[in-house]
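Written below as structure tokens is the structure these notes are about.
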Number of protein chains: 2
Amino acid sequence: MKKEPNMQNISLDTLFELSEFFKFFGDTTRIRVIHLLLSGEMSVSAIAEKLNLEQSVVSHQLRILRTANLVKPTRDGRKIYYALDDEHIGEIFNTGLAHILHKKKG
Amino acid sequence: MKKEPNMQNISLDTLFELSEFFKFFGDTTRIRVIHLLLSGEMSVSAIAEKLNLEQSVVSHQLRILRTANLVKPTRDGRKIYYALDDEHIGEIFNTGLAHILHKKKG
DNA sequence: TGTATATATGAATTGTTGTTCATGTATTCA
DNA sequence: TGAATACATGAACAACAATTCATATATACA
């Protein structure tokens, strides 16, 4: 019995984690925050202003991303700067983006 | 004012579509189905049996993936075989998987 | 045509998730 | 120490999404 090239043996547990991981990208607010942070670190208030969102909305979503170690906070005085904390985020973002843009053309 | 290398100008609309796209991968049932179909097309009942899920659960999720053109059905008699219908699915799946496996190693 | 098989789907239910609003904590500075 | 600023957080609410159960449709075959 032959295996196809793309097939891999992945545990149920890993598949669960994988879906949990993709969930972080599956929300408009979070993907906008991620997109913004691709250009560099930014304070909470700056993010909120740039995205025209309430501060608490941004804080709540940042907490989710922070808990998942996708962003990392650095305090400077009263401000807290958030930066992407995962090498794969840009890659995944761009792979998904390529799909969307390709679809738009076709 | 200089732009960082990873920054791109992406419309709000595109970002919304992007998050919608990632949602498809953000569910355990769907990611398991996608994973299964990476090895080739499979009938609904075969998917349900392989994943130990009820037929209606699989059908409902396949409809979501079908509506998004991520899978494509082909009827053969009474059976309907579903196959992945997007070149980017495997790429996205594997990029996310790389992240999970990398994280597991510590 | 009647029965069995394979799949799809609608409605109800349940669980989950995002936002809002109010408030709490930390820091700065006068 | 008190006021202002920046951010975090808990609880309530609303919206959404997944599963379940019952049933409908389509095909095959006797």
Side-chain angles (χ1 to χ4, degrees), chain A residues 12 15-37 40-85, chain B residues 12 15-37 40-85:
Chain A
L12 229 164
L15 285 170
F16 178 77
E17 288 180 52
L18 189 50
S19 66
E20 289 298 305
F21 177 61
F22 280 122
K23 271 184 190 165
F24 298 123
F25 297 83
D27 174 78
T28 306
T29 300
R30 283 193 298 270
I31 205 95
R32 291 177 73 202
V33 169
I34 288 170
H35 171 238
L36 203 55
L37 296 185
E41 67 174 14
M42 196 173 288
S43 72
V44 177
S45 51
I47 295 171
E49 188 181 4
K50 192 95 176 178
L51 300 185
N52 198 30
L53 294 169
E54 301 221 354
Q55 175 260 318
S56 73
V57 166
V58 174
S59 272
H60 275 300
Q61 295 307 325
L62 282 173
R63 182 166 58 88
I64 292 174
L65 296 173
R66 172 165 31 90
T67 303
N69 291 313
L70 298 189
V71 299
K72 184 179 55 183
T74 309
R75 181 180 281 277
D76 180 21
R78 277 176 291 204
K79 293 196 173 181
I80 297 182
Y81 291 87
Y82 277 86
L84 295 181
D85 186 31
Chain B
L12 229 163
L15 286 170
F16 178 76
E17 287 180 51
L18 190 50
S19 66
E20 290 298 305
F21 177 62
F22 280 122
K23 273 184 188 164
F24 297 123
F25 297 84
D27 173 80
T28 307
T29 300
R30 283 194 297 269
I31 205 93
R32 290 176 74 203
V33 169
I34 288 169
H35 170 239
L36 203 55
L37 296 184
E41 67 173 12
M42 195 173 289
S43 71
V44 177
S45 51
I47 295 170
E49 188 181 6
K50 193 94 175 178
L51 301 184
N52 198 29
L53 295 170
E54 300 221 354
Q55 174 262 318
S56 73
V57 167
V58 174
S59 272
H60 275 299
Q61 295 306 325
L62 282 173
R63 181 165 59 88
I64 292 174
L65 295 173
R66 172 164 29 90
T67 302
N69 291 314
L70 297 189
V71 299
K72 183 180 57 182
T74 308
R75 182 179 279 276
D76 180 19
R78 276 175 291 203
K79 293 196 173 179
I80 298 183
Y81 290 87
Y82 278 87
L84 295 181
D85 188 29

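Every value quoted in this text rests on a predicted model; they were computed, and no experiment measured them. Below, each value reflects all heavy atoms present in this structure, side chains not excepted, and no hydrogens, waters or symmetry copies. In what follows, chains carry the letters A, B, and so on, assigned in the order in which the sequence lines appear, proteins first and then strands, with residues in each chain numbered from 1.
Within the nucleic acid shown, Y81(B) has no heavy atom closer than 4.0 Å to any nucleic acid atom. Across all strands, S56(B) comes closer than 4.0 Å to base atoms (heavy-atom distances).
Judged purely by atom type and a 3.5 angstrom limit, R30(B) uses its side chain to pair as donor or acceptor with the backbone of K23(B). At least one donor-acceptor pair closer than 3.5 Å links the side chain of R32(A) to the backbone N or O of L51(A).
A straight line from CZ of R63(B) to P of dT25(D) spans 16 Å, rounded to a whole angstrom. Taking atom CD1 of I47(A) as the reference point, atom P of dC7(D) lies 9 Å away to the nearest angstrom.
Distances were taken from every side-chain heavy atom of R78(B) (C-beta onward) to each of dT7(C), dT5(C), dA18(D); the shortest belongs to dT5(C). For E54(A), counting side-chain heavy atoms from C-beta on, the closest listed nucleotide (dT7(C), dT17(C), dT20(C)) is dT20(C). Residue V57(A) places its side chain closer to dT20(C) than to any other of dT7(C), dG18(C), dT20(C).
Put simply, the side chain of Q55(B) and the base of dA6(C) share no donor and acceptor less than 3.5 Å apart.
Distances shorter than 4.0 Å separate some side-chain N or O of S45(B) from OP1 or OP2 on dT7(C). Listed pair Q61(B) / dT19(D) meets the phosphate criterion, a side-chain N or O lying under 4.0 Å from OP1 or OP2. R66(B) has a side-chain polar atom (N or O) that falls below the 4.0 Å cut-off from OP1 or OP2 of dT9(C).
Ring stacking holds between H60(A) and dT9(D), with the centres under 5.5 Å apart and the planes within 30 degrees of each other.
The structure places CG of D76(A) at 5.5 Å from OH of Y81(A), a figure rounded to the nearest 0.5 Å.
Both D76(A) and I64(A) lie close to DNA chain C; mapped to their nearest nucleotides by heavy-atom distance, the more 5′-ward contact belongs to I64(A).
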